[in-house]
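Here is the structure we will look at.
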Amino acid sequence: MRVDTKICPLDLDLTLGCGQTFRWRKAPNGLWEGPLGNQFIRLGQKGSVVHIEASPGGRVVEELVRTHLRADDDVRKIQKALAKDPVMAAGVSELKGLRIVKIDEWECLMSFILATYANVPRIAKMIETLSNRYGERIVAGVHSFPSQERLRRASLAGLSKCGFGYRAKFIHEACRILGVDVLSEFKRMSSKDLREALKQLPGVGDKVADCVLLFGFGRLDAFPIDVWIERALGRLYHRRGSYNRLRGFAREQFGPYAGYAQEYLYYNERLRAPKGTCVFSEE
DNA sequence: GCCCAGGAGTGTG
DNA sequence: CACACTCATGGG
């Protein structure tokens, strides 16, 4: 199976390797591997074509991958809109194929509760531990992300043995609070109301809420601010201050595609800047 | 050993 | 509103 990316650029390495998703691994043979829903997926890219393998096989895999990679986003239009900002204009040229990922709402919420104050490798490890203990086996050594029903049955004592630290309690309490159909109700809410609803949950503050809005619910105007984004805004835009202050600046500066701007800044600040070749430049 | 990490919760001024 | 402190723990 294949997804043609000729119409609009899509770069698997940029998209799956930039830290916005935690379960994909690049195998030594160059293929990206990971669980997606209840299937184990392998993705490879040759030029403008993405090859898909799934086990167990299914007919809806391509649609699953297309949704996950947001293959229908018109990133050229998005980058053109963002390029009215000179910093963006100078920096997006090598990130044309970087796309925001669309993660399952439940998986995204739990993942970013676990992600608080941890680095990306550790987050990936925690999510793998959670999946191995509470998810269902897909193929040898790979488990799906645990469903609401299964995770709700997890005891605090069990979660506390997973090496999550104080996050174990947040996961446990969030599972108790969330009803079965709450997430489908969330999907119909405005971004503003959804953000407030998410922040009611234990372990969900401004940053986690914005991550879940962006990566889980596909609200492209959300602008999560972590330590890397805070640095980038200070370094490139000379902006500092509270979360809400920075968020206000981002909304005004980047508009409805602030989420994409955030991902470009994040990639540059966390993955590119240490190498010394900054894509983005000051002024 | 150190410092840091896709922070949140709580209390205080 | 802002800041200060605490919370557990693994990676570099």
Side-chain angles (χ1 to χ4, degrees), chain A residues 14-25 95 98-103 105 107-130 132-133 156-178 195-217 219-220 222-236 239-250 254 258-275:
Chain A
L14 287 175
T15 302
L16 300 180
C18 73
Q20 57 176 331
T21 180
F22 304 109
R23 298 213 67 188
W24 293 101
R25 306 279 185 278
L95 303 177
L98 174 56
R99 284 163 187 269
I100 296 293
V101 155
K102 168 69 178 74
I103 305 172
E105 292 85 355
E107 177 174 345
C108 187
L109 174 59
M110 293 295 117
S111 295
F112 278 99
I113 288 177
L114 288 177
T116 58
Y117 210 54
N119 54 34
V120 172
R122 189 184 171 200
I123 296 163
K125 192 175 182 180
M126 286 192 283
I127 293 172
E128 188 170 2
T129 298
L130 190 73
N132 287 342
R133 295 211 182 183
L156 179 57
L159 289 166
S160 298
K161 294 175 185 171
C162 295
F164 298 162
Y166 55 81
R167 305 167 190 84
K169 180 179 42 142
F170 291 152
I171 293 290
H172 187 254
E173 291 180 4
C175 288
R176 310 249 97 55
I177 292 172
L178 281 170
R195 190 169 191 272
E196 290 310 307
L198 288 168
K199 284 176 66 174
Q200 302 285 321
L201 298 168
V204 182
D206 288 321
K207 193 269 177 179
V208 170
D210 285 332
C211 283
V212 177
L213 280 169
L214 179 59
F215 303 117
F217 289 87
R219 311 299 173 94
L220 293 183
F223 190 86
I225 303 169
D226 67 352
V227 293
W228 300 103
I229 297 300
E230 188 176 356
R231 267 172 222 161
L233 291 178
R235 189 170 66 85
L236 300 170
R239 296 286 175 151
R240 294 205 162 277
S242 67
Y243 194 100
N244 275 328
R245 185 180 168 86
L246 294 176
R247 179 165 162 264
F249 166 73
F254 306 122
Y260 265 94
Q262 182 269 167
E263 206 55 40
Y264 299 141
L265 291 171
Y266 179 80
Y267 183 92
N268 178 57
E269 194 69 23
R270 187 172 87 85
L271 298 172
R272 170 89 60 176
K275 296 177 182 176

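Throughout, protein chains are lettered first and strands after them, A, B, ... in sequence-line order, and every chain is numbered starting at 1.
Between the side chain of A/Arg167 and the backbone N or O of A/Leu114 there is at least one donor-acceptor pair closer than 3.5 Å. Here the side chain of A/Lys102 pairs no donor or acceptor atom with the backbone of A/Phe215 at under 3.5 angstrom.
Nucleic acid contact for A/Ile229: base, since at least one base atom lies under 4.0 Å from a heavy atom of the residue. Note on A/Phe164: nothing from the nucleic acid sits closer than 4.0 angstrom, heavy atoms only. Using a 4.0 Å heavy-atom distance criterion, A/Leu114 is classed as making no nucleic acid contact. In this structure, A/Glu230 reaches neither bases nor backbone, as no heavy-atom distance under 4.0 Å exists between it and the strands shown. Contacts of A/Arg245 with the nucleic acid, taken as non-hydrogen atoms under 4.0 Å apart, are absent. At a threshold of 4.0 angstrom between heavy atoms, the contacts of A/Asn244 with the nucleic acid are absent.
Stacking of the aromatic ring of A/Tyr166 onto the base of C/dA8 is not found under the criterion of centres within 5.5 Å and planes under 30°.
Among B/dG7, C/dG11, B/dA5, the nucleotide with an atom closest to any side-chain atom of A/Thr116 is B/dG7. Counting only heavy atoms from C-beta on, A/Phe170 has its side chain closest to B/dG9 among B/dG9, B/dG7, B/dC4. When distances run from any side-chain atom of A/Pro121 to the nucleotides C/dG12, C/dA8, B/dG7, the shortest one goes to C/dG12. Closest to the side chain of A/Asn119, from the set C/dA8, B/dG7, C/dG10, is C/dG10. Each of C/dG11, B/dG7, B/dC4 was ranked by its minimum atom distance to the side chain of A/Val227; first place goes to B/dG7.
Of the residues A/Arg122, A/Arg133, A/Arg25, the one that meets the salt bridge (Lys or Arg N to Asp or Glu O under 4.0 Å) test with A/Glu128 is A/Arg25.
Dashed line: the shortest gap from a side-chain N or O of A/Ser242 to OP1 or OP2 of C/dA2 is under 4.0 Å. Contact annotation: A/Lys207 does not reach the phosphate of B/dA8 (side-chain N/O to OP1 or OP2, under 4.0 Å).
The two atoms that bring A/Thr15 and A/Thr21 nearest to each other are O-CG2, 4.4 Å, heavy atoms only.
Nearest-nucleotide positions on DNA chain B for A/Gly203 and A/Ala115 put A/Ala115 closer to the 5' end. With the nearest nucleotide of DNA chain C identified for both A/Lys125 and A/Tyr117, A/Tyr117 has the one nearer the 5' end. Nearest-nucleotide mapping onto DNA chain B: of A/Phe215 and A/Lys199, the residue sitting toward the 5' end is A/Phe215.
Taking atom P in both B/dA8 and C/dG11, the straight-line distance is 22 Å, to the nearest Å. Of the P atoms belonging to B/dG9 and C/dG10, the separation is 22 Å, rounded to the nearest Å. Between C/dG12 and B/dG7, the distance separating the two P atoms is 16 Å to the nearest Å.
As a whole-Å value, the separation of A/Tyr243 OH from B/dA8 P is 7 Å. Between A/Leu246 atom CG and C/dA2 atom P the separation is 10 Å, expressed in whole Å. Atoms CZ (A/Arg240) and P (C/dA2) sit 15 Å apart, rounded to a whole Å. The separation between A/Arg247 atom CZ and B/dG7 atom P is 17 Å, rounded to whole Å.
Side-chain N/O atoms of A/Arg122 and base N/O atoms of C/dT9 include a donor-acceptor pair closer than 3.5 Å.
Heavy-atom neighbours of A/Arg245 CZ from other residues, nucleotides or ligands within 6.0 Å: at or below the threshold of 12.
Close placement of the A/Phe22 and A/Phe112 rings is indicated, their centers lying within 6.0 Å of each other.
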